[in-house]
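What follows is a set of notes on a single structure, which appears directly below.
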Amino acid sequence: MSMIEKTVLVPDIGGADGAEVVDVLVQVGDTVEVEQSLLVLESDKASMEIPAPWAGVVKTLLVAAGDELSEGAPVLVMTLAQDSAEPHPPAEDQSAEEKPQPETPAPTPAVEASAPQAHDVMVPDTGGDGEVELTEICVAVGDSVSEGDSLVVLESDKASMEVPAPVDGVVSALQVSAGVSVSPGQVLMTITGVGSDVSEAAATVTAEPVSSASVSPSTPTGKPPQSPPEPVSRSAAAAPAVKPGVTAYAGPAVRKLAREFGIALEVVSATGPRGRILKEDLHQHVRAALEGGAATLSTGTGIPAVPAVDFSAFGPVSEEPLSRLAKLTAANMQRSWLNVPHVTQFDDADISDLETFRKGLKAEAERRGVKLTPIAFVLMACARVLRQHPRFLSSLSADGESLISKDYCHIGMAVDTPAGLVVPVIRDADQKTLWELAAEVLELAAKARDRKLRPDDMQGGCFTISSLGGIGGRGFTPIINTPEVGILAVSRAAVQPVWDGEQFQSRTMLPLSLSYDHRVINGGDAGRFLTQLVTTLGDIRHMLL
Ligand code: CAO
């Protein structure tokens with residue numbers, strides 16, 4: 001049986017701008033099965049396991065914990081029998097996938113087989129209908145680039161995006177300059193590479209590093225091409241802070257974070273590959289600024305820091321680093337808590353009739369393979385009430401000057417997982433049936449716990465529901481998932497005596513609490529919203545109206 005080598009690449013991770021390797025689950029020499037988890041990646045929004053696309057043996061590990069990876073980055077090389085090298089049929093959330101390769105008899109250094117080729121890099125479809133601004137050019141003529149390296153940064157009014165190099169090669173011509181407006185399809189630059197199949201072939205057929213000696217395209221500038229950059233780990237990647245003649249080099253997520261901190265990227269020291277500023281560099285910059293008296297931070301809360309305490313002075317202690325997800329959740333919570341004036345409104349919904357109805361559907365739910373808990377009803381009622389009170393679907397613009405109304409009703413649902421708190425989003429919740437909502441709650445909660453959520457599963461929410469009903473408690477004050485303006489907390493229903501005007505009745509009461517952003521929602525809005533929700537849950541026929 002002939003053996004071949006194939007490289008597992010980071011799959012589509014939903015547009016995350018770099019995800020950190022938090023755990024490598026295999027070692028060199030390990031035999032792995034198809035779909036066996038190889039490593040765990042954590043992005044800003046989720047942690048994801050990357051499964052093996054084929055069965056085989058791990059030959060070389062190309063990453064280590066702490067590395068930051070983007071889609072398409074090589075992860076490890078596997079040795080596998082040729083007949084098992086067919087790409088695994090895409091499972092749900094297929095990952096680490098490579099494009100089907102033509103039959104290749106033996107590992108051959110693909111570079112030697114390809115002739116130099118010029119590739120025009122064009123403005124991709126940016127999702128909008130007009131021009132976008134080219135805010136940054138990250139390369140200069142003569143630079144060597146690897147497939148996936150950022151070439152330019154485009155910014156529309158909705159998002160900023162990087163255009164990656166489609167192939168390994170050398171930038172041979174630049175057709176644009178920073179600051180101009182460009183349209184989809186417009187040529188940005190030309191890369192002289194060694195054939196569009198190079199990186200794929202090199203990555204999928206052989207684990208041999210691409211030899212710079214075998215890459216010999218001459219560039220129009222006459223400048224000898226530089227060696228393709230080696231894969232760089234963060235620790236080995238120190239580079240000058242700012243490239244001469246080029247403004248700071250950073251991805252959209254880092255730019256966003258810098259904007260939120262009010263930091264000018266130009267003053268941040270970069271440690272990423274090719275002088276790229278990483279999130280860690282911003283963190284380091286903020287730490288240094290705080291230690292140095294916050295002199296270089298343009299924003300500051302002025303809140304005194306909690307003093308450090310030597311806990312070991314009082315008894316035995318142990319210390320373990322927080323996961324990235326835990327740190328991000330903490331930062332999001334603190335940001336919301338400090339920026340948004342929260343008010344929380346409380347009420348109880350009488351769900352006695354709803355519960356009778358829900359329990360009556362038990363057999364039907366089992367037949368459909370769905371678990372029907374109160375949360376599906378709360379989601380459905382909430383979606384209806386949100387549509388009747390659209391201010392709860394709005395967000396303040398980043399500068400606080402306007403209110404953005406959303407004509408869609410995507411509801412986030414907080415899910416408690418061993419890795420931390422995540423909030424997957426149920427899209428168009430107002431258009432789904434009870435069964436569809438119940439099934440989606442189950443599916444998203446399972447994906448969250450199995451670390452299978454992708455960043456885009458967690459984007460676009462307008463309002464959040466956080467239910468501790470399955471766990472317990474009589475009420476809590478949830479923190480708004482900014483830039484949303486409201487969040488509903490659901491606590492544990494309990495049978496209580498309720499006065500009906502003549503006597504006490506035994507009713508099942510569901511405690512609800514609604515936190516809202518008092519910059520956008522006033523008390524009257526919130527009172528009407530929650531009263532309407534309580535009425536709807538008390539008599540679900542209101543959902544028909
Ligand atoms: N009152 C009484 N019982 C409730 C209830 C409520 N409000 N909500 C759920 N239950 C019951 C369910 O019916 C189920 O009972 P059975 O097992 O007898 O059928 C049981 O509690 C467990 O429910 P569940 O929690 O598994 O399912 P769910 O659909 O209610 O919730 C999910 C799904 C994903 C929201 C939940 O699993 C979860 O992760 N909750 C935590 C969210 C969280 O962490 N919030 C805090 C964020 S802010 O720090």
Side-chain angles (χ1 to χ4, degrees), residues 46 325-337 340 342 344 346-366 368-382 411-426 429 432 434-453 457-458 461 463-482 484 486-496 507-515 533-534 537-538 540:
L325 189 61
K327 283 193 277 192
L328 281 160
T329 304
N332 289 340
M333 294 293 176
Q334 188 171 22
R335 191 170 52 210
S336 173
W337 187 251
V340 175
H342 282 67
T344 306
F346 301 86
D347 209 344
D348 293 336
D350 182 342
I351 58 165
S352 312
D353 298 340
L354 183 158
E355 279 296 89
T356 308
F357 180 56
R358 182 177 74 88
K359 284 172 186 155
L361 290 172
K362 202 165 175 214
E364 168 78 355
E366 270 168 24
R368 290 170 178 264
V370 167
K371 190 175 169 193
L372 191 59
T373 64
I375 194 86
F377 290 87
V378 175
L379 267 165
M380 190 171 211
C382 210
I411 300 183
M413 182 188 66
V415 180
D416 178 41
T417 79
L421 175 67
V422 286
V423 187
V425 173
I426 296 174
K432 293 190 170 154
L434 191 69
W435 295 118
E436 285 169 339
L437 291 169
E440 207 165 331
V441 168
L442 261 189
E443 184 196 326
L444 289 175
K447 270 176 138 183
R449 289 177 186 130
D450 295 343
R451 300 175 163 203
K452 295 277 195 288
L453 287 174
D457 288 329
M458 281 166 287
F463 183 88
T464 296
I465 296 180
S466 175
S467 171
L468 291 178
I471 297 172
R474 298 191 50 194
F476 61 105
T477 55
I479 297 179
I480 297 164
N481 190 10
T482 49
E484 296 167 16
I487 179 168
L488 181 78
V490 181
S491 296
R492 192 163 188 80
V495 176
Q496 289 175 20
R507 308 295 293 175
T508 304
M509 304 302 288
L510 179 70
L512 301 173
S513 35
L514 171 76
S515 291
L533 184 62
V534 163
L537 289 167
I540 54 174

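Here, residue 1 is the first one in the sequence, and each next residue gets the next number. Computed from a prediction, not measured in an experiment: that's the story for all the values here. Read the numbers this way: they start at 1 and go in the same order the structure lists the ligands and their atoms.
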| message | On a heavy-atom basis, which atom in E355 and which in P374 lie closest, and how many Å separate them? | response |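 Where E355 meets P374 most closely, the heavy atoms are OE1-CG, 4.0 Å.
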
Could you find the nearest protein heavy atom to [atom] and give me its residue, atom name and distance?
atom	answer
atom 4 (C) of ligand 1	G469 O, 3.4 Å
atom 21 (O) of ligand 1	G470 CA, 3.2 Å
atom 35 (C) of ligand 1	A414 O, 3.7 Å
atom 1 (N) of ligand 1	A493 N, 2.8 Å
atom 44 (O) of ligand 1	D416 CB, 3.4 Å
atom 48 (S) of ligand 1	S466 OG, 3.9 Å
atom 19 (O) of ligand 1	K371 CE, 3.5 Å

| request: Check whether any side-chain heavy atom of L434 sits under 4.5 Å from a side-chain heavy atom of M380, and report yes or no. | output: yes

| query | Do T464 and M413 touch side chain to side chain, with heavy atoms closer than 4.5 Å? | reply |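 Result no, sub-4.5 Å side-chain heavy-atom pair not found.
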
| query | Rounded to the nearest 0.5 Å, how far does CG of L468 lie from CG of D416? | reply | 8.0 Å

| Which value, rounded to the nearest 0.5 Å, describes the distance between E440 atom CD and I426 atom CD1? |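 Interatomic distance, E440 CD to I426 CD1, rounded to 0.5 Å: 5.0 Å.
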
Does [X] have a heavy atom less than 4.0 Å from any atom of ligand 1?
X	value
S491	yes
S467	yes
R449	yes

| With respect to atom 27 (O) of ligand 1, which of T329, T373, L442 exhibits the smallest heavy-atom separation? |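 Among T329, T373, L442, the closest heavy atom to atom 27 (O) of ligand 1 belongs to T373.
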
| query | Counting heavy atoms only, which part of I375 comes closer than 4.0 Å to ligand 1: side chain, backbone, both or neither? | reply | side chain

| field | Part of L421 within contact of ligand 1 (heavy atoms, under 4.0 Å) | value | side chain

Any protein heavy atom < 4.0 Å from [atom]:
atom	answer
atom 15 (O) of ligand 1	no
atom 24 (P) of ligand 1	no
atom 40 (N) of ligand 1	yes

| field | Verdict with reasoning, S515 to T477, per side-chain hydrogen bond (donor to acceptor under 3.5 Å, both in side chains) | value | CA-CA 7 Å; S515 291; T477 55; 5.8 Å; no

| request: Run the salt-bridge test on D348 and R507 with the 4.0 Å N-O cut-off and return the result as yes or no. | output: no

[X] neighbourhood, listing ligand 1 atoms whose heavy-atom distance to it stays under 4.0 Å:
X	value
L510	7 (N)
A445	34 (C)
V415	34 (C), 39 (O)
L468	41 (C), 43 (C), 44 (O), 45 (N), 46 (C)

| task | Show your reasoning for whether side-chain contact (heavy atoms from CB on, under 4.5 Å) applies to T482 and N332. | result | CA-CA 8 Å; T482 49; N332 289 340; over 6 Å; no

| query | For the residue pair F377 and F357, does the interplanar ring angle fall in the parallel (under 30°), tilted (30 to 60°) or perpendicular (over 60°) class? | reply |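 It falls in the perpendicular class, over 60°.
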
| said: Checking side-chain contact (heavy atoms from CB on, under 4.5 Å) between I540 and each of L354, D353, I351, which is the one that passes? | reply: L354

| request: Give me the one residue out of R451, K452, K447 that meets salt bridge (Lys or Arg N to Asp or Glu O under 4.0 Å) with D457. | output: K447

| Take atom CZ in R474; do more than 12 heavy atoms of anything else shown fall under 6.0 Å from it? |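 Not buried by this count: 12 neighbours or fewer within 6.0 Å.
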
